Amino acid sequence: MGTLRELGEFEVIRRLTAARDEAARALAPAGVVVDSGDDAAVLAPAPGMDLVVTTDALVAGAHFLPGWCPPRRAGGRLARANLSDLAAMAAVPRWALLSIGARAESAVEDLLEFQSGLAGALAAAGAALVGGNLTAVTGPEWYSLVLLGECPRGGAWRRAGARPGDLVAVTGHPGRAGAGARLARALDREARAPEWAPLIAAWTDPPLRVPLALALRASGAVTAAIDVSDGFAGDLAHLCEAGGLGAEVEEAAWPADEPLERAARALGAAPGALRFGPSDDYELLLALDPAGRPAAERAAAAAGVPLAVVGRFTAGPSRPALRARDGVVVPLGAGYDHFGS
Ligand SMILES: [Mg+2]
(Lines give C-alpha, C1' and ligand atoms only; values in the text may rest on other atoms or scores of the structure.)
Protein backbone atom coordinates (compact mmCIF):
# COMPACT_ATOMS: atom_id res chain seq x y z
CA MET A 1 0.00 0.00 0.00
CA GLY A 2 2.98 2.34 0.57
CA THR A 3 4.10 4.91 3.08
CA LEU A 4 2.42 8.16 4.12
CA ARG A 5 5.01 10.05 2.06
CA GLU A 6 4.22 7.98 -1.04
CA LEU A 7 0.45 8.29 -0.77
CA GLY A 8 0.30 11.87 0.47
CA GLU A 9 -1.71 13.34 3.34
CA PHE A 10 -5.05 13.73 1.56
CA GLU A 11 -5.10 10.20 0.16
CA VAL A 12 -4.21 8.75 3.58
CA ILE A 13 -7.00 10.78 5.22
CA ARG A 14 -9.41 9.64 2.51
CA ARG A 15 -8.57 5.98 3.19
CA LEU A 16 -8.78 6.37 6.99
CA THR A 17 -12.13 8.16 6.68
CA ALA A 18 -13.57 5.57 4.28
CA ALA A 19 -12.58 2.71 6.62
CA ARG A 20 -13.96 4.59 9.63
CA ASP A 21 -17.26 5.31 7.91
CA GLU A 22 -17.62 1.68 6.91
CA ALA A 23 -17.12 0.55 10.53
CA ALA A 24 -19.54 3.21 11.83
CA ARG A 25 -22.21 2.27 9.26
CA ALA A 26 -22.07 -1.34 10.45
CA LEU A 27 -22.74 -0.12 14.00
CA ALA A 28 -25.35 2.55 13.03
CA PRO A 29 -24.50 4.73 16.06
CA ALA A 30 -27.35 6.75 17.53
CA GLY A 31 -27.11 10.47 18.13
CA VAL A 32 -24.78 11.26 15.21
CA VAL A 33 -26.37 14.20 13.37
CA VAL A 34 -23.32 14.99 11.20
CA ASP A 35 -20.07 13.03 11.06
CA SER A 36 -17.20 12.98 8.57
CA GLY A 37 -17.26 15.24 5.53
CA ASP A 38 -17.81 18.39 7.58
CA ASP A 39 -15.36 20.32 9.74
CA ALA A 40 -16.79 18.92 12.98
CA ALA A 41 -19.16 16.20 14.10
CA VAL A 42 -22.62 17.11 15.38
CA LEU A 43 -23.84 14.85 18.19
CA ALA A 44 -27.16 14.71 20.02
CA PRO A 45 -27.04 13.25 23.54
CA ALA A 46 -30.29 11.58 24.62
CA PRO A 47 -32.63 13.74 26.74
CA GLY A 48 -31.94 13.63 30.48
CA MET A 49 -28.38 12.38 30.05
CA ASP A 50 -25.07 13.93 31.14
CA LEU A 51 -22.19 13.88 28.67
CA VAL A 52 -19.10 12.09 30.11
CA VAL A 53 -15.80 12.80 28.32
CA THR A 54 -12.29 11.38 28.64
CA THR A 55 -9.05 11.29 26.65
CA ASP A 56 -5.94 9.13 26.69
CA ALA A 57 -2.94 8.74 24.40
CA LEU A 58 -0.39 6.09 23.43
CA VAL A 59 3.19 7.02 22.58
CA ALA A 60 5.24 4.37 20.77
CA GLY A 61 8.09 3.14 22.95
CA ALA A 62 6.71 4.72 26.14
CA HIS A 63 3.27 3.06 26.44
CA PHE A 64 3.68 0.11 24.15
CA LEU A 65 6.56 -1.73 22.57
CA PRO A 66 5.76 -2.14 18.85
CA GLY A 67 7.33 -5.64 18.87
CA TRP A 68 4.75 -6.75 21.44
CA CYS A 69 1.83 -4.66 20.31
CA PRO A 70 1.30 -4.75 16.54
CA PRO A 71 -0.87 -1.89 15.21
CA ARG A 72 -4.26 -3.64 15.45
CA ARG A 73 -3.65 -4.66 19.07
CA ALA A 74 -2.28 -1.22 19.99
CA GLY A 75 -5.47 0.33 18.60
CA GLY A 76 -7.58 -2.00 20.71
CA ARG A 77 -5.49 -1.14 23.74
CA LEU A 78 -6.00 2.62 23.30
CA ALA A 79 -9.74 2.06 22.97
CA ARG A 80 -9.80 -0.10 26.12
CA ALA A 81 -7.82 2.49 28.11
CA ASN A 82 -10.41 5.15 27.31
CA LEU A 83 -13.35 2.76 27.77
CA SER A 84 -11.95 1.96 31.21
CA ASP A 85 -12.29 5.62 32.22
CA LEU A 86 -15.95 5.61 31.19
CA ALA A 87 -16.50 2.30 33.03
CA ALA A 88 -15.08 3.99 36.15
CA MET A 89 -17.78 6.67 35.78
CA ALA A 90 -20.52 4.10 34.98
CA ALA A 91 -21.13 5.80 31.62
CA VAL A 92 -22.31 4.28 28.33
CA PRO A 93 -19.63 4.83 25.62
CA ARG A 94 -21.01 6.52 22.48
CA TRP A 95 -18.69 8.55 20.23
CA ALA A 96 -14.92 8.91 19.73
CA LEU A 97 -12.39 11.11 17.92
CA LEU A 98 -8.94 9.77 17.00
CA SER A 99 -5.86 11.94 16.43
CA ILE A 100 -2.71 10.38 14.98
CA GLY A 101 0.83 11.75 14.90
CA ALA A 102 2.53 9.63 12.22
CA ARG A 103 5.93 9.63 10.56
CA ALA A 104 6.14 10.08 6.76
CA GLU A 105 8.03 6.78 6.35
CA SER A 106 5.36 4.76 8.17
CA ALA A 107 3.23 2.25 6.30
CA VAL A 108 -0.32 3.45 5.61
CA GLU A 109 -1.48 -0.12 6.16
CA ASP A 110 -0.29 0.09 9.78
CA LEU A 111 -2.44 3.19 10.36
CA LEU A 112 -5.47 1.45 8.89
CA GLU A 113 -4.78 -1.62 11.04
CA PHE A 114 -4.46 0.57 14.14
CA GLN A 115 -7.73 2.35 13.39
CA SER A 116 -9.47 -0.95 12.64
CA GLY A 117 -8.37 -2.49 15.96
CA LEU A 118 -9.50 0.66 17.74
CA ALA A 119 -12.87 0.87 15.99
CA GLY A 120 -13.50 -2.83 16.65
CA ALA A 121 -12.87 -2.46 20.38
CA LEU A 122 -15.08 0.64 20.49
CA ALA A 123 -17.85 -1.11 18.56
CA ALA A 124 -17.79 -4.02 21.05
CA ALA A 125 -18.70 -1.43 23.69
CA GLY A 126 -21.30 0.31 21.50
CA ALA A 127 -19.18 3.34 20.52
CA ALA A 128 -18.22 4.65 17.07
CA LEU A 129 -15.45 6.83 15.64
CA VAL A 130 -17.07 10.02 14.35
CA GLY A 131 -13.99 12.05 13.45
CA GLY A 132 -10.27 12.45 13.70
CA ASN A 133 -7.09 14.21 12.70
CA LEU A 134 -3.80 13.21 11.09
CA THR A 135 -0.60 15.14 11.67
CA ALA A 136 3.02 14.53 10.64
CA VAL A 137 5.67 14.00 13.33
CA THR A 138 9.43 13.47 13.18
CA GLY A 139 9.76 11.99 16.70
CA PRO A 140 7.94 8.98 18.22
CA GLU A 141 4.50 8.27 16.80
CA TRP A 142 1.46 8.81 19.00
CA TYR A 143 -2.25 8.16 18.97
CA SER A 144 -4.75 10.13 21.02
CA LEU A 145 -8.41 9.28 21.54
CA VAL A 146 -11.25 11.42 22.87
CA LEU A 147 -14.17 9.28 24.00
CA LEU A 148 -17.63 10.60 24.84
CA GLY A 149 -20.31 8.73 26.71
CA GLU A 150 -23.58 9.30 28.51
CA CYS A 151 -25.06 8.55 31.89
CA PRO A 152 -28.35 9.53 33.52
CA ARG A 153 -28.14 13.11 34.84
CA GLY A 154 -26.20 13.19 38.12
CA GLY A 155 -25.62 9.42 38.00
CA ALA A 156 -21.89 9.25 37.19
CA TRP A 157 -19.73 7.48 39.77
CA ARG A 158 -17.11 9.68 41.42
CA ARG A 159 -13.82 9.10 43.22
CA ALA A 160 -15.33 10.79 46.28
CA GLY A 161 -18.35 9.23 47.96
CA ALA A 162 -17.00 6.31 50.00
CA ARG A 163 -17.75 6.32 53.74
CA PRO A 164 -15.77 4.74 56.59
CA GLY A 165 -16.83 1.09 56.74
CA ASP A 166 -17.48 0.80 52.98
CA LEU A 167 -15.73 -2.17 51.40
CA VAL A 168 -12.73 -2.00 49.05
CA ALA A 169 -13.43 -4.21 46.04
CA VAL A 170 -11.47 -4.80 42.85
CA THR A 171 -12.15 -6.70 39.62
CA GLY A 172 -9.83 -9.07 37.77
CA HIS A 173 -6.22 -9.67 38.73
CA PRO A 174 -4.44 -6.40 39.62
CA GLY A 175 -0.73 -6.35 38.90
CA ARG A 176 -0.78 -8.73 35.97
CA ALA A 177 -0.43 -6.02 33.30
CA GLY A 178 2.59 -4.47 35.01
CA ALA A 179 4.11 -7.93 35.49
CA GLY A 180 3.56 -8.68 31.78
CA ALA A 181 5.31 -5.47 30.76
CA ARG A 182 8.25 -6.24 33.08
CA LEU A 183 8.51 -9.81 31.78
CA ALA A 184 8.55 -8.59 28.17
CA ARG A 185 11.44 -6.25 28.95
CA ALA A 186 13.36 -8.67 31.18
CA LEU A 187 12.94 -11.95 29.28
CA ASP A 188 12.48 -10.61 25.73
CA ARG A 189 11.58 -13.55 23.45
CA GLU A 190 11.29 -16.01 26.34
CA ALA A 191 8.32 -14.00 27.63
CA ARG A 192 6.37 -15.37 24.64
CA ALA A 193 6.29 -18.81 26.30
CA PRO A 194 2.73 -20.03 27.02
CA GLU A 195 3.30 -19.94 30.77
CA TRP A 196 3.41 -16.11 30.66
CA ALA A 197 0.40 -15.69 28.35
CA PRO A 198 -2.10 -14.54 31.04
CA LEU A 199 0.29 -11.77 32.11
CA ILE A 200 1.27 -10.66 28.59
CA ALA A 201 -2.42 -10.63 27.59
CA ALA A 202 -3.34 -8.51 30.62
CA TRP A 203 -0.83 -5.94 29.36
CA THR A 204 -1.50 -6.02 25.61
CA ASP A 205 -5.27 -6.80 25.59
CA PRO A 206 -6.78 -5.14 28.66
CA PRO A 207 -10.32 -6.14 29.65
CA LEU A 208 -13.59 -4.32 28.92
CA ARG A 209 -15.37 -3.55 32.19
CA VAL A 210 -18.18 -1.36 30.81
CA PRO A 211 -20.90 -4.06 30.93
CA LEU A 212 -20.09 -4.90 34.54
CA ALA A 213 -19.96 -1.20 35.49
CA LEU A 214 -23.44 -0.65 34.06
CA ALA A 215 -24.80 -3.72 35.88
CA LEU A 216 -23.19 -2.50 39.12
CA ARG A 217 -24.66 0.97 38.65
CA ALA A 218 -28.08 -0.65 38.51
CA SER A 219 -27.31 -2.50 41.78
CA GLY A 220 -26.80 0.82 43.61
CA ALA A 221 -24.01 -0.75 45.70
CA VAL A 222 -21.11 1.43 44.48
CA THR A 223 -20.34 4.58 46.52
CA ALA A 224 -17.08 5.56 44.76
CA ALA A 225 -15.02 4.27 41.83
CA ILE A 226 -11.78 4.60 39.87
CA ASP A 227 -10.10 2.43 37.26
CA VAL A 228 -6.74 0.81 37.96
CA SER A 229 -4.43 2.60 35.53
CA ASP A 230 -1.55 3.52 37.85
CA GLY A 231 -1.57 0.40 40.02
CA PHE A 232 -3.76 -0.83 42.89
CA ALA A 233 -1.93 1.06 45.66
CA GLY A 234 -1.70 4.31 43.72
CA ASP A 235 -5.32 4.26 42.60
CA LEU A 236 -6.60 3.31 46.07
CA ALA A 237 -4.64 6.32 47.38
CA HIS A 238 -6.49 8.48 44.81
CA LEU A 239 -9.85 7.18 46.13
CA CYS A 240 -8.80 7.83 49.74
CA GLU A 241 -7.58 11.33 48.91
CA ALA A 242 -10.77 12.24 47.04
CA GLY A 243 -12.96 10.96 49.87
CA GLY A 244 -10.84 12.26 52.78
CA LEU A 245 -10.54 8.66 54.01
CA GLY A 246 -8.03 5.95 54.76
CA ALA A 247 -8.23 2.28 53.83
CA GLU A 248 -7.00 -0.98 55.26
CA VAL A 249 -6.35 -3.81 52.81
CA GLU A 250 -6.14 -7.38 54.14
CA GLU A 251 -3.42 -9.46 52.50
CA ALA A 252 -5.30 -12.62 53.53
CA ALA A 253 -8.45 -11.50 51.65
CA TRP A 254 -6.71 -11.70 48.26
CA PRO A 255 -7.30 -14.82 46.19
CA ALA A 256 -4.10 -16.57 45.13
CA ASP A 257 -2.78 -15.49 41.71
CA GLU A 258 -0.47 -18.27 40.61
CA PRO A 259 0.79 -16.67 37.34
CA LEU A 260 1.62 -13.47 39.24
CA GLU A 261 3.51 -15.41 41.90
CA ARG A 262 5.51 -17.23 39.21
CA ALA A 263 6.31 -13.89 37.59
CA ALA A 264 7.51 -12.53 40.93
CA ARG A 265 9.94 -15.46 41.23
CA ALA A 266 11.20 -15.00 37.65
CA LEU A 267 11.68 -11.26 38.13
CA GLY A 268 13.15 -11.50 41.64
CA ALA A 269 10.33 -9.26 42.90
CA ALA A 270 8.02 -9.55 45.90
CA PRO A 271 4.54 -10.74 44.83
CA GLY A 272 3.03 -7.77 46.69
CA ALA A 273 5.22 -5.34 44.74
CA LEU A 274 3.70 -6.69 41.51
CA ARG A 275 0.13 -6.91 42.83
CA PHE A 276 0.00 -3.45 44.42
CA GLY A 277 2.66 -1.60 42.37
CA PRO A 278 2.60 0.19 39.01
CA SER A 279 0.31 -1.63 36.59
CA ASP A 280 -2.22 -0.39 34.03
CA ASP A 281 -4.72 -3.21 34.47
CA TYR A 282 -7.82 -1.19 33.50
CA GLU A 283 -9.78 -3.00 36.18
CA LEU A 284 -12.42 -1.37 38.42
CA LEU A 285 -11.51 -0.37 41.97
CA LEU A 286 -14.71 0.25 43.91
CA ALA A 287 -16.10 1.33 47.24
CA LEU A 288 -19.11 -0.82 48.09
CA ASP A 289 -21.87 -0.20 50.59
CA PRO A 290 -21.61 -3.37 52.76
CA ALA A 291 -25.39 -3.86 52.37
CA GLY A 292 -24.91 -3.96 48.59
CA ARG A 293 -22.16 -6.57 48.61
CA PRO A 294 -24.39 -9.54 47.68
CA ALA A 295 -25.93 -7.60 44.76
CA ALA A 296 -22.46 -6.54 43.55
CA GLU A 297 -21.18 -10.12 43.77
CA ARG A 298 -24.21 -11.37 41.84
CA ALA A 299 -23.62 -8.77 39.11
CA ALA A 300 -19.94 -9.75 38.83
CA ALA A 301 -20.75 -13.46 38.71
CA ALA A 302 -23.38 -12.83 36.00
CA ALA A 303 -20.77 -10.88 33.98
CA GLY A 304 -18.17 -13.63 34.50
CA VAL A 305 -15.74 -11.16 36.10
CA PRO A 306 -13.77 -11.93 39.29
CA LEU A 307 -14.62 -9.44 42.05
CA ALA A 308 -12.59 -9.58 45.27
CA VAL A 309 -13.49 -7.71 48.46
CA VAL A 310 -10.06 -6.97 49.92
CA GLY A 311 -10.50 -4.41 52.68
CA ARG A 312 -12.40 -1.48 54.16
CA PHE A 313 -12.31 2.28 54.06
CA THR A 314 -11.45 3.88 57.38
CA ALA A 315 -11.86 7.37 58.85
CA GLY A 316 -9.07 9.57 57.53
CA PRO A 317 -7.57 11.22 55.79
CA SER A 318 -4.62 8.86 55.61
CA ARG A 319 -2.68 6.76 53.15
CA PRO A 320 -3.88 3.19 52.48
CA ALA A 321 -2.39 0.50 54.70
CA LEU A 322 -1.88 -3.23 54.30
CA ARG A 323 -2.57 -5.69 57.10
CA ALA A 324 -0.12 -8.50 56.32
CA ARG A 325 -0.90 -12.15 57.05
CA ASP A 326 1.09 -11.92 60.29
CA GLY A 327 -1.10 -9.01 61.47
CA VAL A 328 1.53 -6.31 61.00
CA VAL A 329 0.14 -3.13 59.37
CA VAL A 330 2.41 -1.40 56.82
CA PRO A 331 1.92 1.45 54.30
CA LEU A 332 0.68 0.23 50.92
CA GLY A 333 3.36 1.74 48.64
CA ALA A 334 3.12 4.35 45.92
CA GLY A 335 1.72 4.40 42.39
CA TYR A 336 3.21 5.28 39.04
CA ASP A 337 4.42 8.82 38.59
CA HIS A 338 4.73 9.52 34.84
CA PHE A 339 7.34 12.20 35.51
CA GLY A 340 9.22 10.31 38.23
CA SER A 341 11.95 7.70 37.86
MG1 LIG B 1 -8.92 6.60 35.04
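Counting convention: from 1, in listed order, for ligands and their atoms alike. Note that this is a predicted model, so its numbers are computed, not measured.
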Do any side-chain atoms of residues 291-310 form donor-acceptor pairs under 3.5 angstrom with protein atoms, and if so which ones, sequence neighbours left out?
from: Arg293; atom 1: NE; to: Glu297; atom 2: OE2; distance (Å): 2.9
from: Arg293; atom 1: NH2; to: Glu297; atom 2: OE2; distance (Å): 3.4

For Asp257, all residues meeting salt bridge (charged side-chain N to carboxylate O under 4.0 Å, His left out), sequence neighbours excluded: Arg176
message: If hydrophobic residues (ILVMFWY) are linked whenever their side-chain heavy atoms come closer than 4.5 Å, directly or via other members, who joins Tyr282 in its cluster?
response: none
- prompt: Any side-chain heavy atom of Arg163 sitting closer than 4.5 Å to one from Asp289?
  reply: yes
query: Quick one: does Val53's side chain get under 4.5 Å of Val146's, heavy atoms only?
result: yes
query: Are Leu288 and Thr223 close enough, and set up right, to give a side-chain contact (heavy atoms from CB on, under 4.5 Å), and what steps lead you there?
result: CA-CA 6 Å; Leu288 296 181; Thr223 57; over 6 Å; no
field: Contacts of the Mg ion (ligand 1) with protein N/O/S atoms, counting only those under 2.8 Å
entry: Asp85 OD1, Asp227 OD1
